[in-house]
Amino acid sequence: MNTDPVILIRLRCTPDAAGPLARALAARPDTSYVHLLSGGTEISCSAQTRSGEESDALLLHRLPRTGRITSVSAHLLLDHSALPSGWAGPALLSGEQAAALGPPPVDDTEDVPLEEGDRALFDALSRDGRASYAELAAATGWSDSTVRRRLLALRRAGVLAFLVDIPPAALGFRAEARLWMSVRPSRLAAVASAMAEHPEVSLVAMTTGPTNLLGAVNCRDGRHLARYLTERIASLHAIRAMETAPVIRTVKRAGAPLPI
């Protein structure tokens with residue numbers, strides 16, 4: 001299983017730079033979930049680099065070269081919950097339907113070291129998780145049968161997993177927001193657990209940085225978001241301060257950049 005650290009990046013920039021910067025970040029293979037926030041002058045994204053050197057290069061050299069960026073903050077993701085793997089939706093399906101959507105059983109005792117060609121396989125799947133065996137064979141230089149065997153081995157060992165990523169708007173949730181919260185440290189875990197139970201929350205993550213908790217919230221409309229903030233969040237008294245940033249455009253989700 002990939003244990004490379006995930007960095008949550010916030011960029012503030014001039015209005016004319018937001019679109020090009022977001023598209024440039026979305027084009028990188030080490031980013032996911034690139035969003036334009038607030039009034040179009042802020043970008044958020046997740047970055048998962050293969051080494052500390054790549055992370056340093058992104059944060060210390062590549063981003064600051066753009067003069068239209070007014071501020072950069074990076075938050076190391078420490079722990080997270082309320083992810084799709086814990087979604088209660090499969091409870092509404094039959095056992096056979098749920099099994100068809102679920103991953104194969106994982107054998108934690110099986111050691112499957114990465115081989116030459118695996119990175120090309122992962123890169124191809126990150127662009128299109130539904131790529132055919134023929135397409136994956138072309139990307140790796142393997143035969144179709146080798147691709148099939150390798151995919152099965154990687155999934156059984158828990159090295160490779162697939163994520164079904166559905167835009168909230170497709171389900172009727174058209175008001176997305178990111179919540180950057182400062183929570184009393186002694187209550188941080190309790191607040192994160194409470195938020196993970198909220199149906200509006202698709203991600204809650206403990207982070208480093210000037211705030212220590214991030215929430216991704218999906219509501220049906222502005223009124224729903226207002227009720228969530230003034231009722232559910234307001235009842236969590238350990239939250240000392242909060243910044244709400246509405247998502248105005250999603251440029252990239254888990255895989256390839258989205259058409260704009």
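For the pair Leu76/Thr207, no side-chain contact is recorded, criterion being any heavy-atom separation below 4.5 Å from C-beta on. The closest side-chain heavy-atom distance from Met181 to Leu236 is not below 4.5 Å. Within the 4.5 Å cutoff, no side-chain heavy atoms of Thr41 are placed close to those of Thr70. Annotation: side chain of Trp142 is in contact with side chain of Arg150 (closest heavy-atom distance under 4.5 Å). Residues Val217 and Glu200 have side chains in contact (heavy-atom distance under 4.5 Å, counting atoms from C-beta outward). Counting only heavy atoms from C-beta outward, the side chains of Leu214 and Met206 never approach each other to under 4.5 Å.
A salt bridge is absent between Asp221 and Arg223; no separation between the charged side-chain nitrogens and carboxylate oxygens falls under 4.0 Å. For Arg10 and Glu243, the salt-bridge test passes: some basic side-chain N is under 4.0 Å from an acidic carboxylate O.
A donor-acceptor pair under 3.5 Å is absent between the side-chain atoms of Lys252 and the main chain of Cys45, judged by distance alone. Remark: side-chain polar atoms of Asp118 are paired, donor with acceptor, to backbone N or O of Glu115 under 3.5 angstrom. Remark: side-chain polar atoms of Asn212 are paired, donor with acceptor, to backbone N or O of Val183 under 3.5 angstrom. Side-chain atoms of Ser193 do not come within 3.5 Å of backbone N or O of Ala190 as any donor-acceptor pair.
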Worked verdict on Leu125 versus Leu151 for side chain to side chain contact (heavy atoms under 4.5 Å, CB included) = CA-CA 11 Å; Leu125 288 172; Leu151 283 174; 3.8 Å; yes
May I have the step-by-step check of side chain to side chain contact (heavy atoms under 4.5 Å, CB included) for Met195 and Leu213, ending in yes or no?
-> CA-CA 10 Å; Met195 287 187 63; Leu213 193 66; 4.0 Å; yes
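Residues Val251 and Ile69 fall within the same hydrophobic cluster, defined by Ile, Leu, Val, Met, Phe, Trp and Tyr side chains chained together at heavy-atom separations under 4.5 Å. When hydrophobic clusters are built by joining Ile, Leu, Val, Met, Phe, Trp and Tyr residues whose side-chain heavy atoms come closer than 4.5 Å, directly or via intermediates, Leu114 is grouped together with Val112. Cluster membership check: Leu21 shares its hydrophobic cluster with Ile7, using side-chain heavy-atom separations under 4.5 Å among Ile, Leu, Val, Met, Phe, Trp and Tyr. Cluster annotation: Phe122 is not connected to Leu152 through the hydrophobic network of ILVMFWY side chains, with a link wherever side-chain heavy atoms come within less than 4.5 Å. Ile239 is connected to Leu179 through a chain of hydrophobic side-chain contacts under 4.5 Å among Ile, Leu, Val, Met, Phe, Trp and Tyr, so both are in one cluster.
Applying the ring pair (Phe, Tyr, Trp, His ring centres under 6.0 Å) definition to pairs two or more places apart or across chains, those involving residues 175-215 are His75-Trp180, His198-Tyr228.
Rounding to the nearest 0.5 Å gives a distance of 11.0 Å between OG of Ser32 and CG of Leu25. Atom OH of Tyr133 sits about 12.0 Å away from atom OG of Ser143, to the nearest 0.5 Å. Interatomic distance, CG of Leu225 versus OG1 of Thr244, reported as 7.0 Å (0.5 Å rounding). One distance of note links CG of Asn218 with CG of Leu171; it measures 9.0 Å at 0.5 Å rounding. Distance CG/Leu8 to NE2/His80: 10.0 Å, rounded to 0.5 Å. Atom OG1 of Thr140 and atom CG of Leu136 lie 7.0 Å apart (nearest 0.5 Å).
Nearest approach of His35 to Thr250, heavy atoms of both residues: ND1-OG1, 3.1 Å. A pairwise comparison of heavy atoms in Gly222 and Ala175 identifies N-CB, 4.1 Å as the closest pair. Heavy atoms only, all atoms of each residue included: Val204 and Ala192 are closest at CG1-O, 3.6 Å. Asp144 approaches Ala134 most closely through the heavy-atom pair OD1-CA, 3.8 Å. In terms of heavy-atom proximity, Pro20 sits nearest to Asp16 at CD-O, 3.7 Å. The nearest pair of heavy atoms linking Cys13 to Ile43 is SG-CD1, 4.3 Å.
Shown here is Arg155, whose CZ atom has more than 12 heavy atoms of other residues, nucleotides or ligands within 6.0 Å.
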